[in-house]
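Okay, structure first, notes after.
Proteins come first, then strands; the chains are lettered A, B, ... in the order of their sequence lines, and each starts at number 1. In what follows, every heavy atom counts, from backbone to side chain, and hydrogens, waters and symmetry copies are set aside. Please read all numbers here as calculations on a predicted model, not as lab measurements.
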2 protein chains.
Amino acid sequence: MRLVSWNVNGIRAAVRNGFWSWLEDDGPDILCLQETRIQPEQLTPKMHKPPGYHALWHAGERRGYSGVATLSRERPGSAREGFGQPRFDVEGRTLLTRHRSFTLLNVYFPNGGRGYERVLFKIDFYDALLAYCGQLRSAGERLVVCGDFNTSHQPIDLARPKENEKTSGFLPEEREALSRWLDAGFVDVYRQLHPDKREYTWWTYRFDARARDIGWRLDYFLLTEDLLPDVRDARILGDVQGSDHCPIALELDL
Amino acid sequence: MRLVSWNVNGIRAAVRNGFWSWLEDDGPDILCLQETRIQPEQLTPKMHKPPGYHALWHAGERRGYSGVATLSRERPGSAREGFGQPRFDVEGRTLLTRHRSFTLLNVYFPNGGRGYERVLFKIDFYDALLAYCGQLRSAGERLVVCGDFNTSHQPIDLARPKENEKTSGFLPEEREALSRWLDAGFVDVYRQLHPDKREYTWWTYRFDARARDIGWRLDYFLLTEDLLPDVRDARILGDVQGSDHCPIALELDL
DNA sequence: CTTATTAAG
DNA sequence: CTTATTAAG
């Protein structure tokens with residue numbers, strides 16, 4: 001089966017930019033969207049019921065901000081919006097769905113770009129969600145955590161590591177927060193499969209960055225080790241337009 | 001000499017839409033702009049000193065809202081922003097300049113479209129400014145008052161009079177406020193010269209109204225009677241694009 | 001519908 | 001630079 005994760009930076013803008021025809025072409029079994037930036041009452045009928053999919057949309061309180069959605073060909077066994085911490089959940093950042101052979105966590109991690117208080121919030125979010133994942137794993141669940149982590153982990157994960165050591169997205173403390181996920185047993189599948197590849201998943205809209213490939217790898221599939229035997233491929237779909245992020249894909253033998 | 005008045009609905013948008021080349025082509029001696037929607041610190045050098053003109057810009061307190069500007073080839077003898085009533089003056093709606101043979105009042109009258117309290121404000125503004133003009137006339141000044149009056153005076157002044165009797169812009173009480181100016185001796189020069197012409201100066205951006213000429217005459221040159229002998233022509237420049245209003249022109253033998 | 005704004009990214 | 005918002009017109 002094929003999973004895709006994509007920060008669409010506004011589902012309505014993505015729709016203007018060809019989202020539906022892309023979805024028809026790619027046809028993933030599960031699609032995780034981040035930064036949908038839409039409230040339930042603003043959803044079009046097609047968003048509510050995309051042809052061939054079950055859809056769950058989770059919005060934050062603030063209009064036009066954050067939000068995630070999970071689309072799946074098979075109806076999820078169960079689902080949860082947020083993870084039980086109001087100060088994070090009100091921002092509409094996580095959606096948990098249970099599928100035949102794993103549990104999926106679709107996550108839009110906070111951006112730390114507007115002041116250090118948001119960096120602290122982001123790191124708290126990283127740690128709180130990791131603790132929640134610990135509970136799920138203790139209960140025997142196999143986990144796929146995907147989405148926009150808003151952090152490049154290593155120098156290979158962004159075009160300009162040196163220049164960005166003091167920029168949110170590549171701060172030491174953010175990288176360490178992500179390291180704690182890996183130390184806890186989560187595997188960054190793309191990097192595992194392609195140890196030396198320099199490919200990015202986000203480019204600023206400024207300075208013609210995407211054409212020049214001055215980007216960052218901010219989007220990941222993190223898997224618990226028990227799922228690794230089922231991994232067939234993990235790829236970055238760098239040609240797909242319609243957002244400042246591109247989608248990433250995971251193929252599982254399930 | 002040639003005077004032009006134009007509600008540009010955002011000078012920056014007008015500049016994007018060819019304002020400077022229009023100005024060079026038309027070359028009025030005096031240009032009155034309304035709804036400039038710009039703060040002093042946002043003016044470009046060219047706006048600050050348009051080639052061949054002296055320029056005065058008067059902004060309201062609120063960013064992106066209201067504002068007027070008067071450009072003149074000859075430096076005005078004197079000038080005044082507002083007319084001494086803070087509750088009107090803070091909105092940046094009037095600019096008085098004194099020229100060789102008349103005093104010019106460039107006015108952006110309030111729009112009454114957002115609730116009846118703004119209709120009342122608009123009517124108060126009409127009356128307060130008329131009283132101020134009375135003072136100027138008592139002091140012997142010959143007056144040209146021009147700008148966006150935000151009111152169509154008679155049924156001939158809008159495409160759909162019947163349908164708009166309860167719409168701000170053609171409310172009986174607004175039309176009466178404008179009538180008080182005419183009763184006080186101001187002359188609507190365009191209508192004086194063209195008693196039966198149906199031409200408009202504003203069209204909503206919606207419904208393709210301009211292409212269908214579903215418009216309103218909202219912009220006027222009002223003159224004190226002592227200036228009438230010097231009037232050569234008054235016209236509506238309906239072909240000029242770049243705003244939801246078109247400019248209006250007055251030719252004087254001065 | 002369009003302009004300009006403000007908040008975010 | 002781009003998305004979405006809100007206030008105005």
### Message
Students often mix this up, so state it plainly: with edges at 30° and 60°, are the rings of B:Phe186 and B:Trp181 parallel, tilted or perpendicular?
### Response
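It falls in the tilted class, 30° to 60°.
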
When we call it a touch if two heavy atoms are under 4.0 Å apart, what does [X] touch: a base, just sugar-phosphate, or nothing?
X	value
B:Arg118	nothing
A:Gln34	nothing
A:Arg63	sugar-phosphate
A:Arg210	nothing
B:Tyr65	sugar-phosphate

### Task
Give me the one residue out of A:Thr201, A:Asp148, A:Asp219 that meets side-chain hydrogen bond (donor to acceptor under 3.5 Å, both in side chains) with A:Asn7.
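With A:Asn7 as partner, A:Thr201, A:Asp148, A:Asp219 yield a single side-chain hydrogen bond (donor to acceptor under 3.5 Å, both in side chains), made by A:Asp148.
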
Using a strict cut-off of less than 4.0 Å between a Lys/Arg side-chain nitrogen and an Asp/Glu carboxylate oxygen, indicate whether [X] and [Y] qualify as a salt bridge.
X	Y	value
A:Glu91	A:Arg118	yes
B:Arg191	B:Asp157	yes
B:Arg87	B:Asp124	yes
A:Glu199	A:Arg217	no

### Interface limits on DNA chain C, where chain A has a heavy atom under 4.0 Å of a nucleotide atom
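That gives a stretch of C:dA7 to C:dG9.
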
#### Entry: Cation over ring face, B:Arg93 and B:Tyr108, 6.0 Å, 45°
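Pair B:Arg93/B:Tyr108 counts as cation-pi.
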
## Note on the structure
Encoded 5' to 3' (Watson-Crick or G-U under 3.5 Å; [ ] crossing; | other strand), DNA chain D becomes ||||.||||

#### Entry: Residue met sooner reading DNA chain D from 5', once B:Asp244 and A:Ile11 are mapped to nucleotides
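Result of the comparison: A:Ile11.
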
### salt bridge (Lys or Arg N to Asp or Glu O under 4.0 Å) between B:Glu117 and B:Lys122, worked out
CA-CA 9 Å; B:Glu117 75 197 320; B:Lys122 175 180 179 178; over 6 Å; no

